[in-house]
Trainee: 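Right, I'll just put the structure down here and ask away after.
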Amino acid sequence: ILGRERGYYIDLAANLPRSLSNTYFLDVCQGWPGLCIEPQQELAAKLKDHARWGRTCKVVDTCVASPIGLEVDFALSGGIGGIEGVRPTSGDKDWVKKMKQLGHDHLLEKGTIKTVKMKCTTMEAELQKIA
């Protein structure tokens, strides 16, 4: 990446526009165009607020899975949300340890994470839109 004049990035589970971002530097400092995929509506709305954060990426505000249109249960829990059955659970000891280190003990309690039904897109479908 360093020393490269131009590129294109894809940020899957983009999270917040600046903090916790893997692509803020490429977008804002390097001027690279990109695709930010963030299924959590609250976080996607912040990414879309280009005037405030300076982000220029095209924002897709749904999950990515195959086949296109697959309906999933998606856990809404800030930067650690995800598709139920795929994301870590309280049975994963490393995940539990990480949540405690980050001060997210409350997310380990049963029933504290809201889930919503969400229809997913595919990476191929999104790339075809920007090609």
Side-chain angles (χ1 to χ4, degrees):
I1 292 176
L2 294 177
R4 209 176 157 153
E5 288 183 28
R6 193 85 163 149
Y8 189 90
Y9 66 86
I10 298 171
D11 195 346
L12 185 59
N15 213 298
L16 292 166
R18 188 170 175 187
S19 63
L20 299 176
S21 173
N22 293 314
T23 56
Y24 179 84
F25 175 79
L26 296 174
D27 189 345
V28 176
C29 301
Q30 297 295 103
W32 288 20
L35 176 65
C36 293
I37 300 173
E38 177 50 62
Q40 297 190 71
Q41 301 301 305
E42 182 180 321
L43 299 176
K46 290 180 180 181
L47 284 164
K48 290 177 183 179
D49 188 356
H50 301 300
R52 181 169 183 195
W53 299 105
R55 298 301 303 259
T56 61
C57 56
K58 177 187 181 301
V59 179
V60 174
D61 56 1
T62 192
C63 54
V64 171
S66 186
I68 196 165
L70 177 69
E71 187 172 83
V72 299
D73 291 320
F74 194 92
L76 303 173
S77 55
I80 57 168
I83 297 173
E84 286 294 307
V86 176
R87 71 182 191 92
T89 64
S90 57
D92 182 332
K93 291 179 183 172
D94 290 334
W95 184 74
V96 169
K97 182 179 177 183
K98 185 71 170 174
M99 291 302 96
K100 288 181 178 180
Q101 288 173 343
L102 293 172
H104 295 311
D105 297 42
H106 62 286
L107 296 177
L108 301 173
E109 298 170 21
K110 191 172 178 119
T112 58
I113 298 176
K114 179 183 175 186
T115 60
V116 295
K117 294 278 185 202
M118 187 177 292
K119 285 193 178 182
C120 297
T121 187
T122 63
M123 185 64 74
E124 181 180 14
E126 294 308 314
L127 292 175
Q128 286 176 351
K129 290 178 188 176
I130 58 174

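Heavy atoms only: backbone and side chains are in, while hydrogens, waters and symmetry mates are out.
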Trainee: Which atom names give the shortest non-hydrogen contact between Cys57 and Asp27, and what distance separates them?
Mentor: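 For Cys57 versus Asp27, the nearest heavy atoms are N-OD2, 3.4 Å.
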
Trainee: Same cluster or not: Ile37 versus Ile130, using hydrophobic residues (I, L, V, M, F, W, Y) connected whenever any side-chain heavy atoms lie under 4.5 Å apart?
Mentor: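 Yes: a chain of side-chain contacts under 4.5 Å links Ile37 to Ile130.
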
Trainee: Out of curiosity, Leu47 CG to Leu16 CG, how far, rounded to the nearest 0.5 Å?
Mentor: 7.5 Å

Trainee: State, with a plain yes or no, whether a side-chain heavy atom of Arg6 is found less than 4.5 Å away from one of Pro33.
Mentor: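 Yes; the side chains approach each other to less than 4.5 Å.
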
Trainee: Taking it one step at a time, do Met123 and Ile10 satisfy side-chain contact (heavy atoms from CB on, under 4.5 Å)?
Mentor: CA-CA 10 Å; Met123 185 64 74; Ile10 298 171; 4.0 Å; yes

Trainee: Please round to the nearest 0.5 Å and tell me the distance separating atom CZ of Arg18 and atom CZ of Arg52.
Mentor: 11.0 Å

Trainee: For Glu42, does the CD atom sit with more than 12 other heavy atoms under 6.0 Å from it, leaving out its own atoms?
Mentor: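 Atom CD in Glu42 is not packed in, count stays at 12 or less.
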
Trainee: Taking all non-hydrogen atoms of both residues into account, name the closest pair between Trp53 and Tyr24 and its distance.
Mentor: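 So the minimum-distance heavy-atom pair works out to O-CE1, 3.8 Å.
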
Trainee: Is Val28 reachable from Tyr8 through a run of hydrophobic residues whose side-chain heavy atoms are each under 4.5 Å from the next?
Mentor: no

Trainee: Of all the heavy-atom pairs spanning Pro39 and Phe74, show the shortest one and how long it is.
Mentor: CG-CZ, 3.3 Å

Trainee: Could you report the tightest heavy-atom contact between Val72 and Cys63, atom names first, then the distance?
Mentor: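 Distance-wise, the nearest heavy atoms are CG2-SG, 3.8 Å.
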
Trainee: First locate atom CG of Leu43, then atom SG of Cys36, and finally report the distance between them rounded to the nearest 0.5 Å.
Mentor: 11.5 Å

Trainee: Does the side-chain contact (heavy atoms from CB on, under 4.5 Å) test come out yes or no for Glu126 and Val64, once each step is laid out?
Mentor: CA-CA 9 Å; Glu126 294 308 314; Val64 171; 5.5 Å; no

Trainee: To the nearest 0.5 Å, what is the distance between OG1 (Thr23) and OH (Tyr9)?
Mentor: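 Here the interatomic distance stands at 4.5 Å.
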
Trainee: Between CD of Glu38 and OG1 of Thr62, what distance do you get to the nearest 0.5 Å?
Mentor: 10.5 Å

Trainee: Is there side-chain contact between Asp61 and Lys48, with heavy atoms separated by less than 4.5 Å?
Mentor: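 Asp61 reaches Lys48 side chain to side chain.
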
Trainee: If I take atom NZ from residue Lys119 and atom CG from residue Leu70, how far apart are they, to the nearest 0.5 angstrom?
Mentor: 10.0 Å

Trainee: Answer yes or no: does atom CD of Gln41 have more than 12 heavy-atom neighbours from other residues, nucleotides or ligands under 6.0 Å?
Mentor: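 Yes - once you tally the heavy atoms of other residues, nucleotides and ligands closer than 6.0 Å, there are more than 12.
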
